[in-house]
Amino acid sequence: MSATPPPRRSKRPKALRGPAALTALLAGAAAATLAGAPAEASTPGAVRVPMHQCWVNGNSAPPGDTVSGTDGDDHIFCDSDLENVTVWGGNGNDMIEVRGLVIDSAVMGGEGDDVIRAKHLVPQNASSMVRGNRGNDIIKVATVAGDGAEHGAVVHGDDGNDKITTGSVTGAPGKFNRGGGIVTGNDGVDTIKVGTIDFSGRVLGGSEADEIEAAALGPESGGMIQAGPGDDRISGPGGSVLTVGPHWGSVDAGVGKDTCTVKSVSTRTSISSCEVLPKAAPADGAAKPAKPADTADESAAEPDSR
């Protein structure tokens, strides 16, 4: 009787070396990427896929990089962040509401007297923008924070008598003073009310007689207000005194008879072209007592009413 031969041992695969090993490693990494990696690239600077969840007059807007209104009065509502998306109101008096962040996107009213409400402008790989275009527009934006020419956060009123309200305005511009964080009224008689202007943020009135109110200017780093041509008014909220500084801050009222209710608390600040500089009231609200000589002169000047 013949003996049963022992079972054969399976041979181990021969280890790959050199170029063959590198090829196998790259092939395995590619297969793993296709199987489990998300579709959106995570590489910094990569182009983002347009994202939005918007409705135009109650109808869901189709996917894509543009959300457009009609030639009439529209209600455009976006209940999500906007990434690489342009919202365009077109003709008519439009209402545009964006509940999410405005990331590398533009929200524009188009022709007509539009109302635009948006959350924070957050440029990441490009610029974020809100524009009223032509018409007497009302624009409200939570915060305007940019950084450099290619990462600007900008609010434009454009043509018309616009009312612009924002939170803080921050961000240094890039080359040729472009980009950064900026709010500008452009043409027309504009009313601009903003929060703190700092870290090189800028507020520009544009042409004609504008009213600019800011909560603070340059408390940490620096900021600028330039009113431009026209009889402008610059102050704190509700006409209160605007403190410029203690760090770098600049107020330039421009050409015209301008009223600046402002005060400087540092030698590093600059206030110029203000023809009218109202005196600030005392901190306790009490009026300064009149000088005895002034009191006597006033009494002599008043007629006897008896």
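Here the structure is a predicted model, which is why all the values come from computation and not from measurement.
For Glu275, the side chain to side chain contact (heavy atoms under 4.5 Å, CB included) test picks out Lys257, Asp258, with sequence neighbours left out. Scanning for side chain to side chain contact (heavy atoms under 4.5 Å, CB included) contacts around Ser272 gives Asp252, with sequence neighbours left out. Applying the side chain to side chain contact (heavy atoms under 4.5 Å, CB included) criterion to Ser80, with sequence neighbours excluded, gives His52, Gln53. Evaluation of the salt bridge (Lys or Arg N to Asp or Glu O under 4.0 Å) rule for Asp147 yields no partner, not counting sequence neighbours. Remark: His151 engages Pro123 in a side chain to side chain contact (heavy atoms under 4.5 Å, CB included) (not counting sequence neighbours).
Side-chain atoms of Thr269 and Thr267, non-hydrogen and from C-beta on, never get closer than 4.5 Å to each other.
Applying the disulfide (SG to SG under 2.5 Å) definition to pairs two or more places apart or across chains, those involving residues 76-160 are Cys54-Cys78. Listed by first then second residue, pairs satisfying disulfide (SG to SG under 2.5 Å) with a partner in residues 162-191 number zero, not counting sequence neighbours. Residue pairs meeting the disulfide (SG to SG under 2.5 Å) criterion with at least one partner in residues 111-191, sequence neighbours excluded, are absent.
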Scan the side chains in residues 154-176 for donor-acceptor partners under 3.5 Å anywhere in the protein, sequence neighbours excluded, and list what turns up.
{"unit_1": "His156", "atom_1": "ND1", "unit_2": "Asn186", "atom_2": "OD1", "d": "3.3"}
{"unit_1": "Asp158", "atom_1": "OD1", "unit_2": "Arg131", "atom_2": "NH2", "d": "2.7"}
{"unit_1": "Asp158", "atom_1": "OD2", "unit_2": "Arg131", "atom_2": "NE", "d": "3.0"}
{"unit_1": "Asp158", "atom_1": "OD2", "unit_2": "Asn133", "atom_2": "N", "d": "3.1"}
{"unit_1": "Asn161", "atom_1": "OD1", "unit_2": "Val189", "atom_2": "N", "d": "2.8"}
{"unit_1": "Asp162", "atom_1": "OD1", "unit_2": "Asp137", "atom_2": "N", "d": "2.9"}

Give the table of side-chain donor-acceptor pairs shorter than 3.5 Å for residues 236-249, with sequence neighbours excluded, one pair per line with atom names and distance.
{"unit_1": "Ser240", "atom_1": "OG", "unit_2": "Pro237", "atom_2": "O", "d": "2.8"}

Please table the atom pairs, donor to acceptor, closer than 3.5 Å between any side-chain atom in residues 197-204 and protein atoms at least two apart or in another chain.
{"unit_1": "Asp198", "atom_1": "OD1", "unit_2": "Ser221", "atom_2": "N", "d": "2.8"}
{"unit_1": "Asp198", "atom_1": "OD1", "unit_2": "Gly222", "atom_2": "N", "d": "2.8"}
{"unit_1": "Asp198", "atom_1": "OD2", "unit_2": "Glu220", "atom_2": "N", "d": "2.8"}
{"unit_1": "Arg202", "atom_1": "NH1", "unit_2": "Asn177", "atom_2": "O", "d": "3.1"}
{"unit_1": "Arg202", "atom_1": "NH1", "unit_2": "Asn177", "atom_2": "OD1", "d": "3.4"}
{"unit_1": "Arg202", "atom_1": "NH2", "unit_2": "Gly179", "atom_2": "O", "d": "2.3"}

Pairs of donor and acceptor atoms involving the side chains of residues 61-71, under 3.5 Å and at least two apart or interchain, shall be tabulated with distances.
{"unit_1": "Thr70", "atom_1": "OG1", "unit_2": "Gly72", "atom_2": "N", "d": "3.2"}
{"unit_1": "Thr70", "atom_1": "OG1", "unit_2": "Asp74", "atom_2": "OD1", "d": "2.5"}
{"unit_1": "Thr70", "atom_1": "OG1", "unit_2": "Asp74", "atom_2": "OD2", "d": "3.3"}
{"unit_1": "Asp71", "atom_1": "OD1", "unit_2": "Asn91", "atom_2": "ND2", "d": "3.4"}

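Cluster annotation: Val130 is connected to Val85 through the hydrophobic network of ILVMFWY side chains, with a link wherever side-chain heavy atoms come within less than 4.5 Å. Under a hydrophobic-cluster definition in which Ile, Leu, Val, Met, Phe, Trp and Tyr are linked whenever side-chain heavy atoms come within less than 4.5 Å, directly or via other members, Ile116 and Leu121 are assigned to the same cluster.
Taking every heavy atom of both residues into account, Ala227 and Ile234 meet most closely at CB-CD1, 4.0 Å.
Within the 3.5 Å criterion, the main-chain N or O of Asn93 finds no donor-acceptor partner in the side chain of Asp113. The backbone N or O of Asp210 sits less than 3.5 Å from a side-chain atom of Asp232, completing a donor-acceptor pair. Of the possible donor and acceptor atoms, one in the side chain of Lys119 sits under 3.5 Å from a partner among the backbone N and O of Arg99.
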